[in-house]
Enquirer: 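Pasting a structure below so you can have a look.
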There are 2 protein chains.
Amino acid sequence: MESDKLAIIVAGGSGQRMGAAIPKQFLDLGGRPVLMRTIDAFLQIEGMRVVLVLPHAQRAAWDELCARHSYAPNIDIANGGETRFHSVKNGIALWRGERLIGVHDGVRPLVSQETIARCYAEADTFGTAVPALPSVESVRLVASDGSNRAIDRREVMLIQTPQVFNSEMLISAYNQPFTPLFTDDASVVEATGKPIHLTLGQHGNIKLTTPDDMRAAEAML
Amino acid sequence: MESDKLAIIVAGGSGQRMGAAIPKQFLDLGGRPVLMRTIDAFLQIEGMRVVLVLPHAQRAAWDELCARHSYAPNIDIANGGETRFHSVKNGIALWRGERLIGVHDGVRPLVSQETIARCYAEADTFGTAVPALPSVESVRLVASDGSNRAIDRREVMLIQTPQVFNSEMLISAYNQPFTPLFTDDASVVEATGKPIHLTLGQHGNIKLTTPDDMRAAEAML
């Protein structure tokens with residue numbers, strides 16, 4: 001079957017907050033590097049093609065890791081860019097006409113098949129689908145003068161990936177000039193005036209950022 | 001030494017989201033109920049007195065749990081109220097003149113000695129101290145019409161406990177009439193016009209809400 005879904009998996013982090021010498025997407029999670037788990041989660045979906053975006057400087061280490069794990073997935077690789085925005089753009093350059101494009105963090109290996117499938121299905125219906133969970137914690141906003149104030153946490157949604165879009169919508173959004181307010185794909189698409197459709201996120205779909213996250217992810221495996 | 005610090009530990013949840021028959025604060029975490037771990041974290045601090053706020057309906061189960069674990073901490077117990085606001089108020093009623101009052105979630109057992117000590121020390125200096133961490137995830141705000149928009153996540157702080165205050169400041173704040181916008185103690189104090197001092201939160205100081213959280217907490221122990 002021809003693929004009608006593209007996943008762009010962005011593996012950009014250097015792992016500074018992890019305190020590890022190797023990039024966090026290469027860390028071992030239950031006997032297998034984080035990034036391989038992430039890629040495999042997408043390759044299990046029918047009609048899915050994967051483009052991995054990796055900093056050029058990490059390419060040799062990744063190839064070595066793949067050799068060591070006898071891992072030879074059928075994916076394409078693009079070089080990472082200066083920012084996440086530029087990395088995604090490099091991934092989009094390898095689009096082959098799939099109807100839907102999802103963008104996913106390389107360090108979210110615990111994403112479920114159900115979450116991936118639902119995000120693509122809802123994007124097919126609504127044009128966009130972004131997984132979100134309400135905050136379990138109270139939320140405060142910090143102003144530029146350093147002061148802070150409470151906001152109603154019932155209004156606050158914490159955003160995960162994969163963020164999935166109609167391909168033409170995403171590609172045209174990424175033709176905009178970059179601004180630092182683009183922290184994820186939804187914010188890029190939103191800047192073109194398109195509404196963002198939120199779908200239920202997955203509690204265990206955590207972004208591995210700190211050593212505590214790695215221990216938590218091991219426990220959830 | 002006389003205690004100059006009071007901790008009000010609020011154990012109100014019913015555990016519905018946990019899918020467990022017993023309240024989440026009574027669940028076993030590495031061989032010991034969550035709530036006992038939380039209480040002990042505070043009792044280890046010099047000059048700390050603890051008031052536990054517990055729904056009256058859970059009192060018998062708690063007493064039984066204490067008997068089973070031969071747990072007889074030197075604490076006082078207040079009944080829970082209709083909302084978290086009313087529960088904290090019931091705890092405040094047992095104040096004995098301590099200079100500082102901290103309020104802590106019963107289901108945050110992994111709070112460190114360092115975090116507790118620092119929150120009380122900074123509240124002694126600034127009048128308030130509330131632990132906060134920036135969001136690692138993008139954030140969207142949902143409007144009353146259901147639409148949503150991105151906000152700059154660098155402005156967003158996720159709030160933990162213990163939230164510690166000068167006692168008179170907290171007590172006078174809790175004399176205000178209740179509104180549903182009071183989701184934590186900082187929001188109650190802020191409504192009296194006092195600025196809130198944020199201090200660095202602790203990444204592992206998670207609020208146990210779902211079974212995944214329990215597994216993560218076990219791993220972090």
Side-chain angles (χ1 to χ4, degrees), chain A residues 17 105 110 130 132-144 146-161 163 180-188 190-191 195-198 201-221, chain B residues 17 105 110 130 132-144 146-161 163 180-188 190-191 195-198 201-221:
Chain A
R17 275 202 279 185
D105 297 326
L110 299 184
V130 170
L133 281 180
S135 176
V136 298
E137 292 174 321
S138 290
V139 181
R140 303 187 77 79
L141 290 186
V142 179
S144 50
S147 67
N148 66 86
R149 64 180 176 87
I151 53 170
D152 188 345
R153 78 168 173 208
R154 290 167 301 183
E155 296 169 7
V156 177
M157 296 298 268
L158 302 181
I159 303 300
Q160 308 180 338
T161 68
Q163 302 188 356
L181 290 178
F182 292 158
T183 60
D184 64 354
D185 312 287
S187 56
V188 177
E190 182 176 54
I196 301 300
H197 169 72
L198 299 182
Q202 170 198 338
H203 194 83
N205 182 18
I206 58 174
K207 187 172 178 178
L208 302 180
T209 311
T210 67
D212 270 344
D213 293 334
M214 290 298 294
R215 283 188 280 273
E218 295 261 3
M220 285 186 226
L221 268 185
Chain B
R17 275 201 280 186
D105 297 325
L110 300 184
V130 170
L133 282 180
S135 175
V136 298
E137 292 174 321
S138 290
V139 181
R140 304 187 77 79
L141 289 187
V142 179
S144 51
S147 68
N148 66 86
R149 65 181 175 87
I151 53 170
D152 188 346
R153 78 169 173 207
R154 290 167 301 183
E155 296 170 6
V156 177
M157 295 299 266
L158 302 181
I159 304 300
Q160 308 180 338
T161 68
Q163 302 188 356
L181 290 177
F182 292 158
T183 60
D184 64 354
D185 312 286
S187 56
V188 178
E190 182 176 56
I196 301 300
H197 169 71
L198 299 182
Q202 170 198 339
H203 195 82
N205 182 19
I206 58 173
K207 187 173 178 177
L208 302 180
T209 311
T210 67
D212 270 345
D213 293 333
M214 290 299 293
R215 283 188 280 272
E218 295 262 3
M220 285 186 226
L221 269 185

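Chain letters run A, B, ... following the sequence lines, proteins first and then strands; every chain starts at 1. The figures here come from the full heavy-atom set of this structure, side chains too, leaving out hydrogens, waters and symmetry mates.
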Enquirer: Are the side chains of A:T183 and B:R154 in contact, using a 4.5 Å heavy-atom criterion?
Expert: no
Enquirer: Which of the residues B:I159, B:T161, B:L181, B:D184 is involved in the greatest number of heavy-atom pairs with chain A at under 4.5 angstrom?
Expert: B:I159
Enquirer: Please rank B:R215, B:H197, B:M157 by heavy-atom pairs under 4.5 Å with chain A and give me the top one.
Expert: B:M157
Enquirer: Can you name the nearest heavy-atom pair linking B:K207 to A:V136, along with the distance?
Expert: NZ-O, 3.4 Å
Enquirer: By a 4.5 Å heavy-atom criterion (distance strictly below it), what part of A:A186 contacts chain B: side chain, backbone, both, or neither?
Expert: both
Enquirer: Please name the pair of heavy atoms, one in B:I196 and one in A:R140, separated by the smallest distance, quoted to 0.1 Å.
Expert: CG1-NH2, 3.2 Å
Enquirer: What closest approach, in Å, do B:Q160 and A:E137 show between heavy atoms, and which atom pair accounts for it?
Expert: CG-OE2, 4.0 Å
Enquirer: Does the side chain of A:L141 come within less than 4.5 Å of B:V156's, by heavy atoms?
Expert: yes
Enquirer: Between B:E218 (side chain only) and A:A219 (backbone N and O only), is there a donor and an acceptor less than 3.5 Å apart?
Expert: no
Enquirer: Heavy atoms only: give me the nearest B:A216-A:M220 pair and the separation to one decimal.
Expert: CB-CE, 4.3 Å
Enquirer: With a 4.5 Å heavy-atom cut-off, do B:L198 and A:V142 have their side chains touching?
Expert: yes
Enquirer: Indicate the atoms forming the closest heavy-atom contact of B:S135 with A:L158, along with that distance.
Expert: OG-CD2, 4.0 Å
Enquirer: Checking B:S187 against chain A: side chain, backbone, both or neither under 4.5 Å from a heavy atom?
Expert: both
Enquirer: Enter the distance from A:T210:OG1 to B:L133:CG here, rounded to the nearest 0.5 Å.
Expert: 9.5 Å
Enquirer: Identify which of B:V130, B:I151, B:N148, B:D105 forms the greatest number of heavy-atom pairs closer than 4.5 Å to chain A.
Expert: B:N148
Enquirer: Give the minimum heavy-atom separation between A:H203 and B:D213, together with the two atoms involved.
Expert: NE2-OD1, 3.1 Å
